[in-house]
Each structure stands twice: as C-alpha cells, then as structure tokens.
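One-based numbering, in listed order, for ligands and for the atoms of each. It should be emphasised that the depicted structure is a prediction, and the values quoted were computed from it without experimental measurement. Atoms considered below: every heavy atom in the structure, side chains included; atoms not considered: hydrogens, waters and symmetry mates.
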Amino acid sequence: MNRLVIKNLTKRFNNVWAVKDLNLTLQPGEIFVLLGPNGAGKTTTLKLIAGLLHPDEGEIFIQGIDVQREPIEAKSRIGYIPDEPFIYRKLTGREFMNFIAGIYNVKREDHQKKMEELFQKFEIGDWIDEFSESYSHGMKQKVVMCQLFLHDPDLILIDEPLVGLDPKSGKTVRETFLELKEQGKTLFICTHTLSFAREIASRIGIINCGELKFMGNLEELAHLSGKKDIEEIYLKLSEESTV
Ligand SMILES: Nc1ncnc2c1ncn2[C@@H]1O[C@H](COP(=O)(O)OP(=O)(O)OP(=O)(O)O)[C@@H](O)[C@H]1O
Ligand SMILES: [Mg+2]
C-alpha cells in the first residue's frame, strides 16, 4: 500500500499560496527530499501532512487513512520533527522522552532499553538528566531525533534535520536514515543541505512559490538540467521554476 498519498493539496495564507495543487505519492522504503528557496512552502507541506494545519483544498492519506477524517489514527503512524526542536524547558531530556513514549502508549519496559541504545548511538551524555533549558540547539535536536524511534512510525517527516548538529552527529543521522529506509520506512525530509540530499534521496522534489516544479531521482534531474553537480542542478532548476 502507498505510504503517503497527497491529492490536489492547497493552502493559502491571506493572499500567499503556500502550497498550490500538490500531488505526491510515496512508497515504503523511499526517502523523498524536498528542496526549495526560503518561503517556498516546504514547512507548510510537512505541517499539513502532520495534521498541524488544515488544507484549503485537497486530501492527504497516510497508509490509506485520511488525515482530516481520522487525525489521531493518522498521527499515530507518523513521526514528525519540526524545524525548531521543542522540549519543555523544565523537563529533562529523559523526562521528555518518557512523556512522548506515554503519549504514544509505548510500554515503559519496551522503551527504557531502546532509550539507552539511542543515547549511545547519538552520543548523548549525562546532560540528558538536566533541564532542557540548558541545552544547545544541537543537543535539543539530538533528543527530538531519538524521540522519533520510540513508537516506531512508518512515515517520518523531518524539517531540516542537520541544523545545529556537529559533523559526526550529522553522519549518524545520515546512516540512521539509510537504515530506516532499509527497514522499509518512508522518510520525507526538507532541507537546504544539498550534499545530504545527494547522499540519501531516492527522489528529490523542487518546490517554489508553493508549486512542485520538478521531481525525480538525481539522474533524472541531472538530465533535465544538463548539469551534474547537485548544487548546479538545484540552482538551474530553481531558477527555471521562478520564470
Ligand atoms: N502561519 C503563517 N501565516 C502566514 N503566512 C505563513 C504562515 N506560515 C507560512 N506562511 C507563508 O507561507 C509561505 C511558505 O512558508 P514555509 O514556511 O512553508 O516555507 P519554507 O519553504 O519552509 O521556507 P524556509 O526554507 O525558509 O524554511 C511563505 O510565504 C510564508 O510567509
Ligand atoms: Mg521551512
């Protein structure tokens, strides 16, 4: 079954078309990377899929479940990391993770061991037991990234996964995403880091002014643009898309 189906999705803010007639289908085991200039509509698209915004028109199905009609069921199947990692200031990272596990009804005995493994993988130290108000951006990003794995979602939405992460953590994230893909998970990632897109994307979309202008794998986009390097491909296609 398709993991994600988006049909004729449209969202306006006053007179701005943040997302315009978007159609997209993602399969299990696919990493879709959405690129586009600032203000193009990437974050809005993710928020619509996550059920945090209501579309003006169109439909979104997550494994056949309509996000508008069955929002709780749909949300239970996704993991979402927003562009600004959020953790309650007066909770420690560990308390926050326990809280999230509770929301998703993950049994305590199931998530304790998993949490320890994740802390090791993402090199999370003793600071996990300090209030999150003392965390740097990257520390928060690591905790919210770990939180993704607690309820084992099939569709993972991530807005700018690399912002604030040091190079080693960035590598861990890249490897983790590829492992998730191997497990048949579907990832929808918005980023400005083109090298990251090149390394992990099964398909790349380029959005501008709310419209998905180009979509395909790297070879197809290279063919379309007549360029080889991801940066040149992106610049050529995003330039064309504004014409
Ligand atoms: N809550 C809002 N109220 C009004 N306009 C909004 C709102 N959220 C987004 N917009 C507008 O919608 C458009 C798309 O914004 P969006 O945040 O989706 O872009 P983006 O592609 O994620 O950009 P960036 O690369 O800077 O993160 C922009 O013109 C933005 O000003
Ligand atoms: Mg954004």
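Taking a cutoff of 4.0 Å between a charged side-chain nitrogen and a carboxylate oxygen, Glu175 and Lys171 qualify as a salt bridge. Here Glu117 does not pair with Lys121 in a salt bridge; the nearest charged N to carboxylate O distance is not below 4.0 Å.
Residues with a heavy atom under 4.0 Å from ligand 1: Phe13, Val16, Ala18, Pro37, Asn38, Gly39, Ala40, Gly41, Lys42, Thr43, Thr44, His192.
Protein N/O/S atoms closer than 2.8 Å to the Mg ion (ligand 2): Thr43 OG1.
Classification of the Phe86-Tyr88 ring pair by plane angle, with boundaries at 30° and 60°, yields perpendicular. Using a 30° and 60° split on the angle between ring planes, His151 and Tyr104 fall in the parallel class, below 30°.
In this structure, the side chain to side chain donor-acceptor pair (under 3.5 Å) partners of Arg174, at least two apart in sequence or on a different chain, are Glu199. Asn208 meets the side chain to side chain donor-acceptor pair (under 3.5 Å) test with Ser241; sequence neighbours excluded.
At a cut-off of 3.5 Å, with distance as the only test, no side-chain donor of Asp56 or Thr10 sits close to an acceptor on the other residue.
Figure legend: Lys181 and Phe177 shown without cation-pi pairing, the cationic atom not lying both under 6.0 angstrom from the six-membered ring centre and within 45 degrees of its axis.
Between Leu9 and Glu59 the shortest side-chain heavy-atom distance does not fall below 4.5 Å.
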